[in-house]
Amino acid sequence: MVALWLALAFVVVQRILELRLAQANLRWALSQGAREYGREHYPVFFLLHLGWMLGWLLEGLARQQLSPIWWLWLAVFVLAQGLRYWAIQSLGRYWNTRIIIVPGAKKIAGGPYRYLRHPNYLAVALELLSLPLIFNAWITALAATLLNAWLLLTVRIPAEEKALSTYDQT
């Protein structure tokens, strides 16, 4: 299944480039006196995404067929990518895969942040759901989506909201 391998290559390259951007942004933020929040939960999200990639690859290889509505899931995936890169562009140097607060900075209120509190998390949630479903990997889609939602709602977003509240105090 060529499409499966192309999708995997796309996601791996995307993740590597995003991690490089996050590292560059982290170096800049730290040079500005930034502080990291929620460091202890970061590896869990890394493992979630790695498991997600392996899950839909293996499940897709086992099923050997696209979803009957693969085009719909592809459209959701493409729209999620648009939202993700709109969020990244809107945050500029402040975008990161980690929770980083730069002293003296202001909350970003433009771009998708004008409409949503956490647009990047919505983009990732849509991605975790839609890409596996293209390849009929519904078990991976369900498991990754539920685990991601639980981690976001109970761990990541509370940690980020606590960190963002420091902006309200300045």
Side-chain angles (χ1 to χ4, degrees), residues 1-26 36-91 94-100 111-113 115-161 163:
M1 233 183 157
V2 175
L4 187 68
W5 293 105
L6 288 174
L8 180 65
F10 172 80
V11 171
V12 167
V13 168
Q14 177 189 54
R15 292 299 194 269
I16 289 170
L17 292 174
E18 287 177 3
L19 287 173
R20 289 183 67 187
L21 176 61
Q23 280 299 106
N25 289 346
L26 177 61
E36 181 176 356
Y37 292 78
R39 170 180 261 157
E40 62 283 348
H41 72 254
Y42 186 77
V44 177
F45 281 91
F46 188 85
L47 290 173
L48 169 66
H49 284 259
L50 184 61
W52 168 76
M53 283 190 280
L54 289 172
W56 62 260
L57 173 65
L58 295 174
E59 193 177 350
L61 287 171
R63 295 192 196 283
Q64 287 290 308
Q65 64 180 3
L66 292 175
S67 166
I69 55 170
W70 65 267
W71 49 270
L72 173 65
W73 298 121
L74 179 60
V76 171
F77 180 76
V78 169
L79 289 171
Q81 299 313 299
L83 179 58
R84 174 209 300 288
Y85 290 110
W86 188 20
I88 290 172
Q89 185 273 329
S90 296
L91 289 175
Y94 296 98
W95 178 81
N96 212 295
T97 56
R98 298 177 178 272
I99 302 171
I100 306 295
Y113 294 91
Y115 309 105
L116 299 168
R117 182 83 171 155
H118 301 284
N120 194 66
Y121 296 154
L122 174 59
V124 171
L126 291 171
E127 176 185 62
L128 293 179
L129 177 69
S130 63
L131 189 57
L133 289 176
I134 293 170
F135 302 104
N136 237 0
W138 62 270
I139 295 170
T140 300
L142 181 63
T145 298
L146 291 175
L147 183 56
N148 182 60
W150 181 75
L151 287 169
L152 283 176
L153 294 173
T154 63
V155 178
R156 178 70 178 211
I157 290 175
E160 190 165 315
E161 289 298 324

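Numbering starts at 1 and runs along the sequence shown.
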Donor-acceptor list for residues 45-57 side chains, cut-off 3.5 Å, not counting sequence neighbours:
unit_1 : atom_1 : unit_2 : atom_2 : d
H49    : ND1    : R15    : NH2    : 3.3
W52    : NE1    : L128   : O      : 3.1

Give a yes-or-no answer on whether the side chains of [X] and [Y] include a donor-acceptor pair shorter than 3.5 Å.
{"X": "R20", "Y": "Q23", "value": "no"}
{"X": "E160", "Y": "Y121", "value": "yes"}
{"X": "Y85", "Y": "E18", "value": "yes"}

To the nearest 0.5 Å, how far apart are [atom1] in [X] and [atom2] in [Y]?
{"X": "L21", "Y": "I16", "atom1": "CG", "atom2": "CD1", "value": "14.0 Å"}
{"X": "L61", "Y": "L4", "atom1": "CG", "atom2": "CG", "value": "5.0 Å"}
{"X": "I134", "Y": "I69", "atom1": "CD1", "atom2": "CD1", "value": "11.0 Å"}
{"X": "N25", "Y": "L91", "atom1": "CG", "atom2": "CG", "value": "9.5 Å"}
{"X": "L129", "Y": "L142", "atom1": "CG", "atom2": "CG", "value": "9.0 Å"}
{"X": "I100", "Y": "R39", "atom1": "CD1", "atom2": "CZ", "value": "7.5 Å"}

Non-hydrogen side-chain atoms of [X] and [Y] separated by less than 4.5 Å:
{"X": "L131", "Y": "W73", "result": "no"}
{"X": "H118", "Y": "R156", "result": "no"}
{"X": "S67", "Y": "L133", "result": "no"}
{"X": "V44", "Y": "L151", "result": "yes"}
{"X": "I99", "Y": "E36", "result": "no"}
{"X": "L79", "Y": "L126", "result": "no"}

Minimum heavy-atom separation for [X] and [Y], please, with both atom names.
{"X": "P119", "Y": "L83", "answer": "O-CD2, 3.6 Å"}
{"X": "E59", "Y": "I139", "answer": "OE2-N, 3.0 Å"}
{"X": "A80", "Y": "E127", "answer": "CB-N, 4.2 Å"}
{"X": "E161", "Y": "R117", "answer": "OE1-NH2, 2.6 Å"}
{"X": "A123", "Y": "R84", "answer": "CB-N, 3.7 Å"}

query = Can you name the residues that form a ring-ring contact (aromatic ring centres under 6.0 Å, His included) with Y113, not counting sequence neighbours?
reply = none

ask   = Who passes ring-ring contact (aromatic ring centres under 6.0 Å, His included) against F77, sequence neighbours left out?
value = none

query = Is W95 atom CH2 crowded by more than 12 heavy atoms from other residues, nucleotides or ligands, each under 6.0 Å away?
reply = yes

